Amino acid sequence: MQKRLSTLLDNCNIISIMGKNPFDNIVIIENIVYASRVASKNSIFFALTGIHTDGHNYIDLAIKNGASAVFVSTMPEKINSSISYLLVEDTRKAMSFFSAAFFDHPAKKLKTIGVTGTDGKSTTVSYLYQLLKMLGKKTGFISTVEYDSSGEIKKNPFRQSTPEAPEIMSILSEMVSNNFEYAVIESTSHGLSNKTSRLAAIKYNAGVLTNISHEHLEFHGTMENYINDKANLFRKAEDFCVVNYDEPTKHSFISASSVPVLSYSLEDSNANIHASSITLTESGSQFNVHCNNKEIKTELYIPGIFNIENFFAAAITISKIAEIDIAEIIPLSKNLKSVIGRMDIVDMGQNFTVIVDYAHTPGSFTKIFPLIKKSVKNRLISVFGSAGERDIEKRIIQGKIASEYSDILILTDEDPRGEDPMVVINQIESGIREGFDKSSVYKISDRQQAINKAMEIAKPGDTVLLLGKGHESSIIYKDKSITWNEKEAAIKALAQIGWSK
């Protein structure tokens, strides 16, 4: 793809230009980069300022590798007259709007649904995607786990739940090229924040909120900032929004929206869609759905009452955006499939239960532990950690919640990053409730060894719950990342004690 630089600058809020002026000369752009090492001929380089590095230090390298233009927030002293230097206040925000223009504003050519919240985002995105496909709608999606821009689901190659703007716009552009009608985007607080502006140039038709709990305060600073950043989705939505009516912070989102807000609830009859007669089973749930003066009985073959909430969020959103009677959508709940790494049972014939789940926040802990505890026949053995260089306060809360439901705790690495893994583990341990048997607490930094230990001590009827990694394919340390597959790690541990199929 080739574009003239001068045609892509309308919404970039350029303060000044030095070097080669793209309005006086033809400057061709073929690629957008923000890492100097991947710059190539006719690429444009955005100098981003990050936590650990500053892209302005790599401008010369980007030019050496072929960049013909650079966006900067500080003009360098040394100017190459053959290169266009574009000064803006915020290079991240400029990159979002430049990327949208470069890819011909793909979000404007799709009916775009954004999903935000602390927990349940990926699952709700998946339900929206699955249901729209069942209804015959050509649909793509981008989530933490996977994406589909061509009719084929692929593993998300980015560690970020919300990729940077060039990647997002490229994926949306592929959807447009493949004649998709709908796009569902998992929209994280990081992506919605003005600090990153990854989603700043996305045009949303609808915004959906799942729930809010303690997460990412290392980035947002306070819960108020966290909520405010997530509410940017509701500020951006152009047609309507959907809110969880059981969420205590719902009014912060309702007041942020300038368009109608629909609601869903497990029991509040004031919501647009709500449930009654909920019966939970090991394999899922049965419930009655109330919407538009109709009552419809249905089932969901995915465990967890929170999955009813996720289904309601998806169903009412589709009913509104696709103008389809809710009565046509509700029965499709029976056909929904779970997401990779969410309530994923590992069965190698062993006489105890092993479950892999991505739960890694206090909010998700408060949902998954009561659910699992109800079905445990003997002891609950929980294996989890907490992310390094992330929200420190949640570690104590995680330890407290897990100790209220578990019989044995095995604390281990999640993604230590630059922190000492044992410091993170000790902080989790400090939250364990008073009276918990400390001899039932194991601190094993190596995650494979921790899982091995869980399998070794498991007895018939026990449940081993592996939390925090789910679908993720790596564990990040200070100086390296190791390849990781939680389910395969569980299977390996089971094989070591004689369980294999």
Side-chain angles (χ1 to χ4, degrees), residues 115-130 140-149 152-163 167-168 171 184-191 210-211 213 215-216 301-304 306-307 310-311 314 336-348 353-361 363-365 367-368 371-372 382-388 390 398 412-417 447-448 450-451 454 464-477 481-494:
V115 180
T116 198
T118 305
D119 303 304
K121 296 186 296 297
S122 293
T123 299
T124 302
V125 166
S126 176
Y127 290 178
L128 282 159
Y129 170 75
Q130 291 182 59
F141 75 99
I142 306 170
S143 81
T144 300
V145 186
E146 301 166 319
Y147 75 99
D148 177 5
S149 59
E152 177 186 356
I153 295 177
K154 301 174 184 176
K155 187 174 178 61
N156 186 340
F158 311 105
R159 270 306 298 247
Q160 298 167 326
S161 298
T162 302
E167 286 80 26
I168 293 172
I171 292 171
V184 188
I185 303 174
E186 181 171 339
S187 303
T188 64
S189 58
H190 286 72
T210 57
N211 53 61
S213 72
E215 176 76 323
H216 295 310
Y301 299 125
I302 304 170
F306 45 86
N307 278 309
N310 298 332
F311 168 62
L336 288 171
K337 306 297 182 185
S338 61
V339 180
I340 296 172
R342 268 66 168 180
M343 295 298 290
D344 201 350
I345 295 174
V346 183
D347 183 7
M348 300 302 290
T353 301
V354 179
I355 301 172
V356 172
D357 193 84
Y358 185 52
H360 63 285
T361 68
S364 58
F365 272 33
K367 291 181 178 182
I368 195 168
L371 168 69
I372 299 299
S382 301
V383 182
F384 68 97
S386 197
R390 297 295 184 267
Q398 286 175 282
T412 188
D413 291 349
E414 187 177 301
D415 285 304
R417 296 185 173 86
R447 195 168 179 102
Q448 182 66 66
I451 293 173
V464 177
L465 186 57
L466 309 178
L467 298 176
K469 294 306 293 180
H471 65 281
E472 291 185 343
S473 58
S474 65
I475 298 179
I476 304 173
Y477 291 90
S481 289
I482 64 170
T483 301
W484 187 255
N485 184 306
E486 189 89 336
K487 194 166 185 177
E488 287 183 4
I491 292 171
K492 179 180 178 180
L494 288 166

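Remember, predicted model here, so these are calculated numbers, not experimental data.
Under the rule for a ring pair (Phe, Tyr, Trp, His ring centres under 6.0 Å), Tyr147 has no partner lying at least two apart in sequence or in another chain. Annotation: side-chain contact (heavy atoms from CB on, under 4.5 Å) contacts of Ser122 (sequence neighbours excluded): Ser143, Thr144, Val145, Glu186, Arg342.
Under a 3.5 Å cut-off, the side chain of His360 and the backbone N or O of Tyr358 do form a donor-acceptor pair. Counting only distance, with no hydrogens or angles, the side chain of Asp413 and the backbone of Pro416 share no donor-acceptor pair below 3.5 Å. Judged by distance alone, the side chain of Lys121 and the main-chain N or O of Gly117 form a donor-acceptor pair under 3.5 Å. Thr116 places a side-chain N or O within 3.5 Å of a backbone atom of Ser187 that can act as its donor or acceptor partner.
Nearest heavy atoms, Met343 versus Leu371: CE-CD2, 3.8 Å. Closest of all the heavy-atom pairs between Val339 and Ser126 is CG2-CB, 3.5 Å. Closest heavy-atom contact between Ile451 and Ala493: CG2-CB, 3.9 Å. Closest approach of Gly470 to Val356, counting heavy atoms only: CA-CG1, 4.0 Å. Taking both residues in full, the closest heavy atoms of Glu486 and Leu466 are given as OE2-CB, 3.4 Å, listed atom of the first, atom of the second, then distance. Of all the heavy atoms in Val383 and Arg447, the pair that sits closest is O-NH2, 4.4 Å.
Once rounded to the nearest 0.5 Å, the distance linking CD1 of Ile475 with CD of Glu414 reads 9.0 Å. To the nearest 0.5 Å, atoms CD (Glu488) and CD (Gln448) are separated by 10.0 Å. In this structure, CD1 in Ile368 is found 5.5 Å from CZ in Phe306, a value given to the nearest 0.5 Å. To the nearest 0.5 Å, atoms CZ (Phe141) and OG (Ser149) are separated by 10.0 Å. Atom CH2 of Trp484 and atom NE2 of His471 lie 14.5 Å apart (nearest 0.5 Å). In this structure, CG on Asn485 lies 8.5 Å from OG on Ser473, to the nearest 0.5 angstrom.
In this structure, Lys469 pairs ionically with Asp415, as a charged nitrogen and a carboxylate oxygen lie closer than 4.0 Å.
At least one side-chain heavy atom of Asp148 sits less than 4.5 Å from a side-chain heavy atom of Tyr129. By the 4.5 Å heavy-atom criterion applied to side chains, Glu167 and Ile142 are not counted as neighbours. Between Lys154 and Glu146, the closest side-chain pair of non-hydrogen atoms is not below 4.5 Å. Under the 4.5 Å side-chain criterion, counting only non-hydrogen atoms from C-beta, Thr353 is in contact with Ile355. Within the 4.5 Å cutoff, the side chain of Ile171 has no heavy atoms near those of the Ile168 side chain. No side-chain heavy atom of Asp119 sits less than 4.5 Å from a side-chain heavy atom of Thr210. Residues Ser474 and Thr483 form no side-chain contact, since every pair of their non-hydrogen atoms from C-beta on lies 4.5 Å or further apart. Taking the side chain as every heavy atom from C-beta outward, Phe311 and Leu336 approach each other to under 4.5 Å.
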- request: Walk me through it: do Ile302 and Tyr127 pass the test side-chain contact (heavy atoms from CB on, under 4.5 Å)?
  value: CA-CA 12 Å; Ile302 304 170; Tyr127 290 178; 3.2 Å; yes
- request: Go through the steps for Ile482 and Tyr477 under the test side-chain contact (heavy atoms from CB on, under 4.5 Å), then give the verdict.
  value: CA-CA 8 Å; Ile482 64 170; Tyr477 291 90; 4.0 Å; yes
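Side chain to side chain, Ser364 and Thr361 meet the donor-acceptor criterion of an N or O pair below 3.5 Å.
Taking a 6.0 Å sphere around NZ of Lys155, one finds it holds more than 12 heavy atoms contributed by other residues, nucleotides or ligands.
Using cut-offs of 30° and 60° for the angle between ring planes, the Phe384 and Phe365 rings count as perpendicular.
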